[in-house]
Number of protein chains: 2
Amino acid sequence: MTEQPQRRTTRQRTAIREFLSGAGDFRTAQQIHEQLRAGGDPIGLATVYRTLQTMAEAGDVDMVRTADGESAYRRCTTSGHHHHLVCRSCGRTEEIMAKVVEAWAATIAAEHGFTNVTHDVELYGLCASCGARTVT
Amino acid sequence: MTEQPQRRTTRQRTAIREFLSGAGDFRTAQQIHEQLRAGGDPIGLATVYRTLQTMAEAGDVDMVRTADGESAYRRCTTSGHHHHLVCRSCGRTEEIMAKVVEAWAATIAAEHGFTNVTHDVELYGLCASCGARTVT
DNA sequence: GTCTTCATGAGAATGATTATCGATCACAAT
DNA sequence: ATTGTGATCGATAATCATTCTCATGAAGAC
Ligand SMILES: [Zn+2]
Ligand SMILES: [Zn+2]
Ligand SMILES: [Zn+2]
Ligand SMILES: [Zn+2]
């Protein structure tokens, strides 16, 4: 068996978890670091990166890549596998379940003889309120 | 109207285009730079980055993000909108058309009042030959 | 309280991508 | 063929997110 290193509850880890629970949208490590500090929570940047990575691997948070390649994290309410519909303007995020897509992915994989297939599926657009205030 | 700067045909741009036409899979700017030079084609790294970006914006090449966040480019044979099924091991890439997914994305967007929605859909797995030589 | 081990964080290191900016080159017009 | 002009090139410096280092601090078990 692979010995999993024991995991401790520290002030920093709690702070990050709570911060993400409060924020509804995706945040980058840099943002989280800055905002936690601004809120009077002393924390190191390296710690933020480490913790987010660990949480992501454990499935406690979801990760996406922003348009410019940064990693952004979010604490989702849906426990299982799901996808996101993100507002390009305000960051508002909806969690999406997609049986159709899951089935499609499996079919395509089989058709091409691929195994062990995972997928990356995210939707980006303008939410109702942001779309409304945009000039056509 | 927005005046588009006129585009010139240079040795470097041709080299990159031909290189990508020859390679069937996704390559990063760094890889392309290195391999072109190794092949006796003097070219600057900045030029490679610039050219790839321009080509991607013009739709001449497709771009994806590798697992570690680098941008990789590929010259696809399919002209219109499509997705990819990429082998995690050897990089072999299949182009995929997915009416189901397009329809699904549109529906989801509408249901949530989102407009101007784009999507990001890629599949990663092990191709037949790579899967075969893997220990179960 | 003591001890063992994991966690932290300041700062250095890494590495991809972008910006600079003078020298070159493509190409249309003469 | 020559020339004029603006696009393009490229060596190198600058940016900037992310990772590494390692001495110090703190959690949890007994
Ligand atoms: Zn919005
Ligand atoms: Zn899915
Ligand atoms: Zn393969
Ligand atoms: Zn599509």
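In what follows, chains carry the letters A, B, and so on, assigned in the order in which the sequence lines appear, proteins first and then strands, with residues in each chain numbered from 1.
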Apply ring pair (Phe, Tyr, Trp, His ring centres under 6.0 Å) to His84(B) and Phe26(B), showing your working.
-> CA-CA 10 Å; His84(B) 305 99; Phe26(B) 282 92; 5.0 Å; yes
Less than 4.0 angstrom between a side-chain N/O of [X] and OP1 or OP2 of [N], yes or no?
{"X": "Gln12(A)", "N": "dA26(D)", "result": "no"}
{"X": "Arg11(B)", "N": "dT8(D)", "result": "no"}
{"X": "Thr10(A)", "N": "dT8(C)", "result": "yes"}

Closer to the 5' end of DNA chain C via nearest nucleotide, is it His33(A) or Thr28(B)?
->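 It is His33(A) whose nearest nucleotide is closer to the 5' end.
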For the backbone of [Y] and the side chain of [X], can you confirm whether one donor and one acceptor N or O come within less than 3.5 Å of each other?
{"X": "Gln35(B)", "Y": "Ile32(B)", "value": "no"}
{"X": "Arg92(B)", "Y": "Val86(B)", "value": "no"}
{"X": "His82(A)", "Y": "Gly80(A)", "value": "yes"}
{"X": "Glu57(B)", "Y": "Thr54(B)", "value": "no"}
{"X": "Arg13(A)", "Y": "Arg7(A)", "value": "no"}
{"X": "Thr93(B)", "Y": "Gly91(B)", "value": "yes"}

Salt bridge (Lys or Arg N to Asp or Glu O under 4.0 Å) pairs, two or more places apart, involving residues 65-90 of chain B |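 Listed by first then second residue: Arg74(B)-Glu95(B).
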Charged N-O contact under 4.0 Å between Asp60(B) and Arg17(B) | yes
Going by distance alone, is a donor N or O of one side chain under 3.5 Å from an acceptor N or O of the other, for Tyr73(A) and Gln53(A)?
-> no
Check: Glu102(B)/His83(B) side-chain N/O donor and acceptor closer than 3.5 Å |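 There is such a pair between these side chains.
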Toward the 5' end of DNA chain D, by each residue's nearest nucleotide, Thr51(B) or Thr9(A) |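 Whichever sits nearer the 5' end wins; that is Thr51(B).
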What pair of heavy atoms forms the shortest contact from Val48(B) to Ile16(B), and how long is it?
->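 Heavy atoms of Val48(B) and Ile16(B) come nearest at CA-CD1, 3.9 Å.
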Considering only heavy atoms from C-beta outward, does the side chain of Val121(A) approach that of Ile96(A) to under 4.5 Å?
-> no
Heavy-atom side-chain contact between Pro42(A) and Arg11(A) under 4.5 Å |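 Sidechains of Arg11(A) and Pro42(A): in contact.
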In one Ile/Leu/Val/Met/Phe/Trp/Tyr side-chain cluster, 4.5 Å: Leu85(B), Val100(A) | yes
All N/O contacts under 3.5 Å from nucleotides 28-30 of chain C to the protein, with atom names and distances to one decimal?
none

Of all of residues 36-50 of chain A, which get a heavy atom below 4.0 angstrom from DNA chain D, listed by number?
->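 Those residues are Leu45(A), Ala46(A), Tyr49(A).
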Identify, residue by residue, the members of residues 64-75 of chain A with a heavy atom below 4.0 Å from DNA chain D, and return them in order of residue number, or none.
-> Glu70(A), Ser71(A)
Name the pairs: protein N/O against N/O of nucleotides 3-6 of chain D, kept only if under 3.5 Å.
residue : atom : partner : partner atom : Å
dG6(D)  : N2   : Arg8(B) : NH1          : 2.3

Take atom [atom1] of [X] and atom [atom2] of [N], then tell me their distance rounded to the nearest Å.
{"X": "Arg7(B)", "N": "dC27(C)", "atom1": "CZ", "atom2": "C1'", "value": "16 Å"}
{"X": "Ile16(A)", "N": "dT8(C)", "atom1": "CD1", "atom2": "P", "value": "8 Å"}
{"X": "Arg13(A)", "N": "dC6(C)", "atom1": "CZ", "atom2": "C1'", "value": "8 Å"}
{"X": "Gln53(B)", "N": "dT8(D)", "atom1": "CD", "atom2": "C1'", "value": "15 Å"}

Starting from the first five and the last five pairs of the helix from dG1(C)-dC30(D) to dT30(C)-dA1(D), work out the angle between the resulting helix axes, to 10 degrees.
-> 40°
